[in-house]
Amino acid sequence: MKLVDIVGARPQFIKLAPILKAIEHYNQEHPDHPVEEILVHTGQHYDYEMSGVFFDDLGLKDPDYHLGVGSGTHGYQTGEMLKRIEEVLLKEKIDIVMVYGDTNSTLAGALAATKLHIPVAHVEAGLRSFNRRMPEEINRVLTDHISDFLFCPTETAVRNLEREGITKGVHLVGDVMYDAVLQYAELAERKSCILEHLRLEPKKYALATVHRAENTDNPERLQAILQGLEAVSREGLLVVVFPIHPRTRKQIQELGLQVNSVRVIEPVSYLDMPVLEKYARVILTDSGGVQKEAFFFQVPCVTLREETEWVETVETGWNTLVGCDPGRIARVAVEARAGVESIWPYGGGRAAERIIGSLADFVKGVNR
Ligand code: UD1
Ligand code: UDP
């Protein structure tokens, strides 16, 4: 089987890691018909802290193609990716194209492949926020509707697809980000010095991340969230550590906003992030991945949005949606407690293995 993986943004490098391990494992078990993997990096993220560090620290292979698309408007970025991915796909004889999550790299990869009649596999299919103003929601809906394999992390995702009439090719496999946590958290604990480096005491600090367009591109919302983080530090007597996404840093600088009592740091590697998450008293975030990781580590989460795709984290009591009101952010964060329900909706940590197994079986069936 010849498989093309398309990635480009930070969370996709993390989702890719367990898939590459599963391919390695599959090839050891099936030396007669191995999976040949071609890695395409669109270049959506390019700063070392947003891209290179994940390849280095997670031991990922170098991309076979680096398309160097970079930043731009949605149309420019998605269009350039579409053109350049198509060129790669036309060069190779490919059985499957695999795309991850909900970024512009996801949609461009899926669209380029499906127009060339190459089957598309979508990892993290079926997630919905039901908010069409989010670029990610458009990317998810469109990608799911042109995918042939829909690898769902949760039962909710399977039901969302059913409601849109998608039942063929749907596989409930669990969450690849849970695979990643199981595969890297221990290594992270051994290697990371981030707590010592930042002089943080376990359970005496809060961890914050903010990068969603709906929060960063609206000056009032961004200012209110920053005020909320400052109030958490003041009222909760907690250090608030804020590894800042470049998009957010840029907006804060352009708008001349102040962040006084919050500890702003550069984005951290995936060998530091799980440690920061695990030992935080509370996590405040608008990230999809970070909400889930808070749940994996059973750390209370305060989500700086009005809705979430990861509804199970809320239903189990581990996550609270607070939007951007500073008073509410501080109150909920300071009072945050452990969840109540003890269900585990994200599978057993073998999602990647199931994904590669299903695709290999399919290709064998076609070639028989
Ligand atoms: C993208 C995804 C989002 C995902 C996030 C993960 C889309 C529409 N959005 O958002 O779903 O949650 O990645 O982090 O695909 N920038 C840099 N250096 C970089 C990358 C970006 O400075 O290495 C700055 C640029 O100013 C750029 C801005 O960040 O314009 C936004 O980057 P972009 O990739 O368009 O979107 P993200 O906000 O990163
Ligand atoms: N992450 C990281 N360093 C950081 C911030 C996030 O390694 O400074 C990891 C985080 O642990 C999670 C993923 O990046 O695995 C989430 O990516 P992001 O928040 O950028 O995107 P989203 O999940 O919202 O699409």
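Both ligands and their constituent atoms are indexed starting at 1 by order of listing. Since we're looking at a predicted model, the values are computed, not measured.
Interface of Glu277 with ligand 2, defined as ligand atoms under 4.0 Å from a residue heavy atom, comprises 11 (O). For ligand 2, the atoms sitting less than 4.0 Å from at least one non-hydrogen atom of Pro243 are 8 (O), numbered in the order shown with element in parentheses. The ligand atoms of ligand 1 that sit less than 4.0 angstrom from a heavy atom of Met50 are 23 (O). Using a 4.0 Å cut-off to heavy atoms of Arg212, the atoms of ligand 2 that qualify are 22 (P), 24 (O), 25 (O). Atom numbering of ligand 1 starts at 1 in the shown order; those under 4.0 Å from a heavy atom of Arg212 are 11 (O), 12 (O). Shown in contact with Met177 at under 4.0 Å from a heavy atom are these atoms of ligand 2, numbered in order with element: 12 (C), 15 (O). Atom numbering of ligand 2 starts at 1 in the shown order; those under 4.0 Å from a heavy atom of Pro267 are 8 (O). Per-residue contacts place Asn104 under 4.0 angstrom from the following atoms of ligand 1 (heavy atoms of the residue considered): 7 (C), 8 (C), 15 (O). Within ligand 2, the atoms closer than 4.0 Å to a non-hydrogen atom of Phe54 are 7 (O), numbered from 1 in the order shown.
With respect to atom 38 (O) of ligand 1, the closest heavy atom belonging to the protein is Arg247 NH1, 2.7 Å. Scanning the protein heavy atoms around atom 23 (O) of ligand 2, the nearest turns out to be Gly289 N, 2.8 Å. Annotation: atom 19 (C) of ligand 1 to nearest protein heavy atom, Tyr46 CZ, 3.5 Å. If you check which protein heavy atom lies closest to atom 15 (O) of ligand 2, you get Glu293 OE2, 2.5 Å. Val268 O, 3.5 Å is the protein heavy atom nearest to atom 2 (C) of ligand 2. Here the protein heavy atom with the shortest distance to atom 11 (O) of ligand 1 is Glu136 OE2, 2.7 Å. The nearest heavy-atom contact from the protein to atom 16 (C) of ligand 2 is Ser287 OG, 3.8 Å. Scanning the protein heavy atoms around atom 4 (C) of ligand 1, the nearest turns out to be His211 NE2, 3.7 Å. Annotation: atom 9 (C) of ligand 2 to nearest protein heavy atom, Ile14 CD1, 3.6 Å. Among all non-hydrogen protein atoms, the one lying nearest atom 25 (O) of ligand 2 is Pro11 CG, 3.5 Å. Scanning all protein heavy atoms for the shortest distance to atom 26 (O) of ligand 1 gives Lys250 NZ, 3.2 Å. Scanning all protein heavy atoms for the shortest distance to atom 22 (O) of ligand 1 gives Pro246 CB, 3.3 Å. Looking only at heavy atoms of the protein, atom 18 (N) of ligand 1 is closest to Asp47 OD2, 2.9 Å. Scanning the protein heavy atoms around atom 4 (C) of ligand 2, the nearest turns out to be Arg10 NH1, 3.3 Å. Met273 CG, 3.8 Å is the protein heavy atom nearest to atom 1 (N) of ligand 2. Nearest protein heavy-atom neighbour of atom 27 (C) of ligand 1: Ser71 OG, 3.3 Å.
Looking only at side-chain heavy atoms (C-beta outward), Val123 and Tyr100 come within less than 4.5 Å of each other. Asp144 has its side chain within reach of Ile166: a pair of non-hydrogen atoms, C-beta onward, lies under 4.5 Å apart. Annotation: side chain of Glu37 is in contact with side chain of Leu20 (closest heavy-atom distance under 4.5 Å). Using a 4.5 Å heavy-atom threshold, the side chains of Gln251 and Thr248 count as separate. Side-chain contact between His25 and Gln28: present, with at least one pair of heavy atoms (C-beta onward) separated by less than 4.5 Å. The shortest side-chain heavy-atom distance between Val268 and Ile265 falls under the 4.5 Å cut-off.
Note: His41 and Phe13 have tilted aromatic rings, judged against thresholds of 30 and 60 degrees for the angle between ring planes. Phe296 and Trp344 have tilted rings, their planes meeting at an angle from 30° to 60° on a 0 to 90° scale.
On a distance-only criterion, His45 and ligand 1 share at least one N/O pair closer than 3.5 Å. Geometrically, ligand 1 and Gln44 share a nitrogen or oxygen pair separated by less than 3.5 Å. Looking at His74 next to ligand 1, no N or O pair under 3.5 Å apart turns up.
Remark: distances from the non-hydrogen atoms of His245 to ligand 1 include one below 4.0 Å. Within the structure, the closest approach of Glu49 to ligand 2 does not fall below 4.0 Å when heavy atoms are considered.
At a 4.0 Å heavy-atom cut-off, ligand 1 touches Pro11 through the side chain alone.
For the salt bridge (charged side-chain N to carboxylate O under 4.0 Å, His left out) with Glu214, the qualifying choice from Arg247, Arg305, Arg133 is Arg305, the only one to do so. Partner of Asp175 under the salt bridge (charged side-chain N to carboxylate O under 4.0 Å, His left out) criterion, out of Lys292, Arg350, Arg354: Lys292 alone.
By the 6.0 Å contact criterion, CD on Glu266 is enclosed, its count of non-hydrogen atoms from other residues, nucleotides or ligands being greater than 12. Open room surrounds CD on Glu155; 12 or fewer heavy atoms of other groups in view lie less than 6.0 Å from it. Under a cut-off of 6.0 angstrom, the local environment of NZ in Lys203 is crowded, with over 12 non-hydrogen atoms contributed by other residues, nucleotides or ligands. Summarising the local packing, CG of Asn260 is surrounded by more than 12 heavy atoms from other residues, nucleotides or ligands at distances under 6.0 Å. More than 12 non-hydrogen atoms from other residues, nucleotides or ligands lie less than 6.0 angstrom from NZ of Lys364. The number of heavy-atom neighbours closer than 6.0 Å to NZ of Lys61, taken from other residues, nucleotides and ligands shown, is above 12.
Separating the CD1 atom in Ile356 from the CD atom in Glu24 is a distance of 12.0 Å, to the nearest 0.5 Å.
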Audit row: Tyr178, Tyr346, ring-ring contact (aromatic ring centres under 6.0 Å, His included) steps and yes/no: CA-CA 7 Å; Tyr178 183 46; Tyr346 298 111; 7.8 Å; no
